[in-house]
Protein chains: 2
Amino acid sequence: MNKPVTIKDIAKKFKCSPSTVSRALNNHPSINEDTRRNLQEYAQKVGYQRNQVSLSLLNKKTATIGVIVPTINNYHESAIIEGIESGLQPLGYTLNICVTNEQYLLESEYVEKLLSNRVEGVFLSISQETYDSGHYEHLEQIKKRSIPLIFIDREYEGFATGSVTIDDYHGAFKAVEHLIKTGRKRIAHLKGPNGMAVAEERLRGYIECLKKHDLPVDEDLILNTNFKVESAIEPVTKLMNLPELPDAIFGVNDQVAIGAMKVIRDKGLNIPGDIAVAGFDNAPISAYIHPSLTSVARPGRQIGIEAAKIFTDYLQSSEALPSRNIVLPSELIVRESTAG
Amino acid sequence: MNKPVTIKDIAKKFKCSPSTVSRALNNHPSINEDTRRNLQEYAQKVGYQRNQVSLSLLNKKTATIGVIVPTINNYHESAIIEGIESGLQPLGYTLNICVTNEQYLLESEYVEKLLSNRVEGVFLSISQETYDSGHYEHLEQIKKRSIPLIFIDREYEGFATGSVTIDDYHGAFKAVEHLIKTGRKRIAHLKGPNGMAVAEERLRGYIECLKKHDLPVDEDLILNTNFKVESAIEPVTKLMNLPELPDAIFGVNDQVAIGAMKVIRDKGLNIPGDIAVAGFDNAPISAYIHPSLTSVARPGRQIGIEAAKIFTDYLQSSEALPSRNIVLPSELIVRESTAG
DNA sequence: ATACTACCTGCAAACGTTTGAAATTTTTTG
DNA sequence: CAAAAAATTTCAAACGTTTGCAGGTAGTAT
């Protein structure tokens, strides 16, 4: 790795002090016009690049923020990251992305590392294992240093500078209510992992909606998945073997809904004729598959943008702001898979 | 933002020198056992975190690498990033992710910034605009500093420490050959943007395969898309209005193939009965839609892992390695959408 | 008591940059 | 030409950490 040219190198070459070089390159007014031009031209020629590391040390500002997410390989999560990026890129921030794979250990190591790297903010979508374990000491560390911590999608009370989530409860409620209003009476739910906030909220929306409409909540119709398309196959196959079939399935996301559709079709049943299907996320593909999938829209990009906004507002205000918790509305997009 | 505790702070508290504290915390053998324990306990108590920035300055090692990609919000790209992450995380590297949105200007700014941040390597998937413009000065900068530069998916001769791509040409060739062997004679292609390597290679595979089998290459059957599902609608609609319909469509990726399927169905035609459809990427969803989509698998995660490997090998070897260009094979996954 | 060793700790420099204040040079003014 | 003013440059410290070397203090052997 070639040694990068430093200000000192240039100073030596020009027999002047580093201060002069620094000022010349920064267009400081108290530098002679000729000197400035010469130095700038030379710097340009030798490809001088200011060492941001030393600057960070000096200014105690790294212009870097950390983003910790369970996964990145998924429409919703990556949309969030693009949202954050688009919000912070104009301000010159760099994103340090960390993927926890839902593991507590990695999450906590990443927090250490980011703090050690002196990031100016942390955007965190808590991992499943962290939820399960109930360990939040790593977040204490962030709080102690009073670095802005913004929760994304998955919240945890009491630590945050802010959070951006969507209204999972009402989103699920609306989806199930739509199924009921189009005549469905025996609605199954493919739920997400236990203890995960978004999954629990959607489950709650499903249950409360059934109750509101005086429909029984049948444990046999509530089945586990892990958000992945494959994980829908086995539970839905089980559903298809019940003595009395459901007439609708509400999936915790589009992936499992699409998995469900496959099993239903393979069973020779018609969607939505025999069984209606609805999902959650409104992934772009959902509008194009057949039948197109009814889904609750979840504005990932918007979530990222709002989170970035919380961060920048926090920076700009001198005094401590109260925690700002934004809940974006979720919208039901009705398509063929639930047509009356 | 609370000032982080420094080694100096601890030294002052214990009336000893920073050197002693540093050595104690690093378990240097020449430090008295008691001193060491006391200092470590205290450091732990006050939540000391080594300042990685100052260390980076001292060692000229940042343990950070830059990743520049056109987008992140897409199954293939994000799989690559997860692959890179999984390969470099165990070595303690942090990823700086930059999204160019296919813009030359952003790409070039990001390169500046990463170099300024003294990243130890750059993983780059060249943006469309950069291809179009033919400007590669920003890459010169990386080369001049002899920082490892690894191309991903989209290559450019003459700059790289290495590259990882897949065999787009043969992938496309195999897909089209499969269509021909199952009796298709009038095969349309939904191509990607002009000048983009992966798109051009697939187009070439399509054309060469037709030629090999003595089928005419009909310009009317080659249509533009931008990889997004929506962008398939208009061109495929046009196809459906031709006096003589195609009997197969090969899409530059799964997204446009799925878009095509929708238009075909809306036209009342049968897949694969009337028109067969094949895509490229083998996104997980493709196995579950109806009919399931024949597609060329593109191992995104593997690409990322191989790229990480090139980087680490480069670091470990003292002398200059020759550029290492890995071309991963692409595999055709046959499904219902092209059933004979 | 002296010299030797072993053990522990401190000094100072280094990484690259910026910046207030001081020093130097140049220009202007009387 | 001298003095004051203006313009330009340099000095030195700072950010937090590590590390080779020198210095110091005991303990031990002679």
Donor-acceptor contact below 3.5 Å, side chain A:S56 vs main chain A:K61: yes

Can a donor-acceptor pair be found, under 3.5 Å and without considering hydrogens, that links the side chain of B:Q52 to the backbone of A:K113?
no

Any side-chain N or O of [X] less than 4.0 Å from the OP1 or OP2 oxygen of [N]?
| X | N | result |
| --- | --- | --- |
| A:T35 | D:dT9 | yes |
| B:S54 | D:dT17 | no |
| A:S17 | D:dT9 | no |
| B:S22 | D:dT17 | no |

Per side-chain hydrogen bond (donor to acceptor under 3.5 Å, both in side chains), B:S127 is matched among B:Q103, B:E107, B:E102 by B:E107

Tell me: [atom1] of [X] to [atom2] of [N], nearest whole Å?
| X | N | atom1 | atom2 | answer |
| --- | --- | --- | --- | --- |
| B:K61 | D:dT18 | NZ | C1' | 14 Å |
| A:I31 | C:dT18 | CD1 | P | 12 Å |
| A:L57 | C:dT17 | CG | P | 12 Å |
| B:I7 | C:dC11 | CD1 | P | 15 Å |
| B:I10 | D:dG16 | CD1 | C1' | 12 Å |
| B:K3 | D:dC15 | NZ | P | 10 Å |
| A:L25 | C:dG16 | CG | P | 15 Å |
| B:H28 | C:dC7 | NE2 | C1' | 12 Å |

Notebook entry, point to check: Using 4.0 Å as the upper bound for N to carboxylate O, is an ion pair formed by A:R36 and A:E33?
Noted result: yes

* Is any side-chain N of the basic residue among B:R324 and B:D313 closer than 4.0 Å to the acidic one's carboxylate O? -> yes

State, with a plain yes or no, whether a side-chain heavy atom of A:L88 is found less than 4.5 Å away from one of A:F123. yes

*Donor + acceptor pair across side chains of A:Q128, A:R154 (<3.5 Å)*: no

- Using only heavy-atom distances, determine whether the side chains of B:E306 and B:Q302 contain a donor-acceptor pair under 3.5 Å. yes

Per-helix bend value, the helix from C:dA1-D:dT30 to C:dG30-D:dC1, C1' rotation axes over five pairs per end, 10° rounding, shows 70°

Exercise. Test for a donor-acceptor pair under 3.5 Å between the base of C:dG10 and the side chain of B:R23, counting only N and O atoms.
Key: yes

| said: Please determine whether ring-ring contact (aromatic ring centres under 6.0 Å, His included) holds for the pair A:Y93 and A:F311, giving the CA-CA distance in whole Å, both sets of side-chain angles, and the decisive distance to 0.1 Å. | reply: CA-CA 11 Å; A:Y93 280 90; A:F311 173 71; 5.5 Å; yes

Classify [X] by what it touches in the nucleic acid, base, sugar-phosphate, or nothing, heavy-atom distance under 4.0 Å.
| X | result |
| --- | --- |
| A:Y48 | sugar-phosphate |
| A:N59 | nothing |
| B:S56 | nothing |
| B:T6 | sugar-phosphate |

Please write out each protein N/O paired with an N/O of nucleotides 12-14 of chain C under 3.5 Å, distance rounded to 0.1 Å.
unit_1, atom_1, unit_2, atom_2, d
C:dA12, N6, B:S19, OG, 3.4

*Between A:H138 and A:Y104, is the gap from one ring center to the other below 6.0 Å?*
yes

Taking for A:Q49 and for B:N32 the nucleotide of DNA chain C with the nearest heavy atom, the one nearer the 5' end belongs to B:N32

